[in-house]
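Proteins come first, then strands; the chains are lettered A, B, ... in the order of their sequence lines, and each starts at number 1. Since the structure is predicted, the reported quantities are computational estimates derived from the model, not experimental observations.
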Amino acid sequence: MSGSRLPGQDQRPAVTFTFAGRPVVARAGDSIAMALWAAGERELRRSSGEGRPRGVYCNMGVCFDCLVVVDGVTVRGCTTTVQDGMRVERGGRP
Amino acid sequence: MSEARVLHAEVGIVGAGPGGLAAAVELVRQGLSVLVLDEGQQPGGQIFRQLPPGAAALPGQEPPSHQAGHGLLAAATEHAVPVHHGATVWNVAPGRLWFEQHGQSWLLCCRHLVLATGAFDRCVPFPGWTLPGVTTAGALQVMVRGYGVVPGRRALVVGSGPLLLPTVATLHQAGVEVVAALEASSRWRALRALPAVLTNAARRREALWYARSLLRAGVRLRWGWTVFACEGDGRVQRAVIGKVDAEGNPRRGSERRLEVDVVGAGFGLVPSIELGQLLGCRTRYDAPRGGHCLEVDGQQGTSVAGVYAVGEACGVGGAEVAMAEGRLAAAAIVAAVRQTPIDAALRTRVAAERRAADAMLRAFAPLPGLHRLATDDTLVCRCEDVPLARARAAAALHGDSLRAIKVGCRAGMGPCQGRICGSSLQALATGRCDVVPDLPVAQVPGKPVRSATIVDAPEPPATA
């Protein structure tokens, strides 16, 4: 696992969601992309042409490389806030 | 049904960064009704990113410029500036902003528009730049300062321009070891920024703060170096770095390998001007300011009546410029509504801040030779997986224009709509590294939104 949180007291409530079927514990206010990065996940989808791993690139809603699927809808992982019970799958083409 | 999703304000502002917020605070103070639309979850934009409430704070001190950010955010709270967060504006017309928020389609009707849409990192493709763990420099700033997430253990920071230093400082504060910080410009070229830094008190303080912060971190900025490639199995594990000449051309043979688990690359910024383009605002090309910018008059007015632009959208300049321009745009709108004169000091301030910013950015104008980092199989378009060789073939077959290259190989036709590849695609495909790139065509939707958002788009009321 690489990636973690800043040291110090985090007073936000825990939020649990699943990514590719596995449970991930996040903090309220996390984006999907950042919750996954903190959990050590780097690959959020496979690229459209050659099927290569892709992950967070711009982290500000511009590049659309961190696309994931939430309840059947393709969204940007970096601009979508995690919710308790969310089911997140790796993204493909929008 | 759609009637409930139409909002009204005298002034609609896109972007809650320093420019948009400064304009909003001033307008609210003058008694005008304002609504700010912002894609982020909290006010402040990219430069004044805030952690979510309750998150553990970033240890250590802040750079002096962030004081201005705290002041601005406090003023926005004090004046109860209304901001709609998580709002993606996808279409625009004079006095109309269509946006998607939490999966719903909304329309904001207003008399005046302020575009404070900011900028994003300039990307230079190099082998391995699509590997997970390789991000923009801005992405790492957002990660740490916006979410309290530690990017990794060993980081490489590469690129060019004044934003490399804050990236290094932030990573160090977060406890990340910065194994190398590489500035592609030569020390001598960068020295041209020195007069601009020394003659502006705020910039002098800021530069000193970063110099001390790098010293404390034990990181030495290497001038005339950059990343040649990133490697790894499914994620970045190694980086190949090397020297570049004064034009940015890689010096083969100077390579060294570093073990890293995260790489942040930022070769300056590119202004976000798509909404201005959709409105038909006149643009101009200014390489040091990041490329194509919205043209504004001495009151931040664009070529379209009732549409103002502030901050990076009119050319990269930083937060001080954006705040000064935001206040000037607000004063111009108040003057238009009330037939009052504009305080001349506001214009003087904008001119002074722009002068200082331009002088600094000229020393870090994009280096054309960096486009020679990409090899035949390096992807030039991340969305459509287009390798350099295919983009070259498209240019050879269809022509050198951005449009011809796009049509020929689909580069720039994916969901990012050419934002990431647009600044480098033509230089890469034509091999003419110093070409002035064509203005990318902006299309509706300005950003991809759900088809239901477009189908359900509220109609403007007939009377407004």
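With a threshold of 4.5 angstrom between heavy atoms, B/Val386 does not approach chain A through any atom at all. Contacts between A/Val73 and chain B at a heavy-atom distance below 4.5 Å involve the side chain alone, from C-beta outward. B/Ala57 touches chain A through its backbone: at least one of N, CA, C or O sits under 4.5 Å from a heavy atom, while the side chain does not. For B/Leu58, the parts sitting under 4.5 Å from any heavy atom of chain A are the backbone and the side chain alike. For a residue to count as touching a neighbouring chain, one of its non-hydrogen atoms must lie under 4.5 Å from one of that chain's; by this rule A/Cys66 does not touch chain B. Interface remark: A/Thr80 contributes no atoms to any contact with chain B (heavy atom separation under 4.5 Å).
Residues B/Gln141 and A/Met60 are not in side-chain contact: their nearest non-hydrogen atoms beyond the backbone lie 4.5 Å or more apart. Annotation: side chain of B/Thr88 is in contact with side chain of A/Arg76 (closest heavy-atom distance under 4.5 Å). The closest side-chain heavy-atom distance from B/Pro448 to A/Phe64 is below 4.5 Å.
The number of heavy atoms from other shown groups lying within 6.0 Å of CD (A/Glu50) is above 12. Residue A/Arg90 qualifies as enclosed at atom CZ: its count of foreign heavy atoms under 6.0 Å is above 12. For A/Asp71, the CG atom is densely surrounded, since the number of other residues' heavy atoms within 6.0 Å is greater than 12.
Of the listed residues (B/Gly148, B/Gly86, B/Ser272), the greatest number of heavy-atom pairs within a distance under 4.5 Å of chain A belongs to B/Gly148. Between chain B and the residues A/Gly29, A/Gly8, A/Cys63, the most heavy-atom pairs under 4.5 angstrom are made by A/Cys63. Between chain A and the residues B/Gly40, B/Ala55, B/Pro52, B/Pro59, the most heavy-atom pairs under 4.5 angstrom are made by B/Ala55. Between chain A and the residues B/Gln417, B/Glu39, B/Met143, the most heavy-atom pairs under 4.5 angstrom are made by B/Met143. In terms of heavy-atom pairs under 4.5 angstrom with chain B, the leader among A/Ala35, A/Cys58, A/Ala33 is A/Cys58. Top candidate by heavy-atom pairs under 4.5 Å with chain A, chosen from B/Pro53, B/Gly133, B/Ala56, B/Cys123, is B/Ala56.
Under a 3.5 Å cut-off, the side chain of A/Trp37 and the backbone N or O of B/Pro151 do form a donor-acceptor pair. Although no hydrogens or angles enter the test, the distance criterion places a donor-acceptor pair under 3.5 Å between the side chain of B/Lys447 and the main chain of A/Gly61.
The CD atom of B/Gln41 sits 3.5 Å away from atom OG1 of A/Thr81, with the distance rounded to the nearest 0.5 Å. Atom CZ of A/Arg42 sits about 7.0 Å away from atom CG of B/Asp261, to the nearest 0.5 Å. Remark: B/Asp121 CG to A/Asn59 CG distance equals 10.5 Å, nearest 0.5 Å. To the nearest 0.5 Å, atoms OG1 (B/Thr130) and OH (A/Tyr57) are separated by 9.5 Å. Separating the SG atom in B/Cys383 from the CG atom in A/Asp65 is a distance of 6.5 Å, to the nearest 0.5 Å. Taking CZ of A/Arg54 as the start and CG of B/Leu131 as the end, the distance is 9.5 Å to the nearest 0.5 Å.
Side chain to side chain, B/Arg153 and A/Ser4 fail the donor-acceptor criterion of an N or O pair below 3.5 Å. Side-chain polar atoms of B/Asp385 and A/Ser47 form a donor-acceptor pair below 3.5 angstrom.
Scanning both residues, A/Gly55 and B/Pro132, for their nearest heavy atoms gives N-CG, 4.0 Å. A pairwise comparison of heavy atoms in B/Val149 and A/Met34 identifies CG2-O, 3.8 Å as the closest pair. Nearest heavy-atom pair across A/Leu6 and B/Val144 is CD1-O, 4.3 Å.
Salt-bridge check for A/Glu41 with B/Arg235: failed, with every basic side-chain N at 4.0 Å or more from each acidic carboxylate O.
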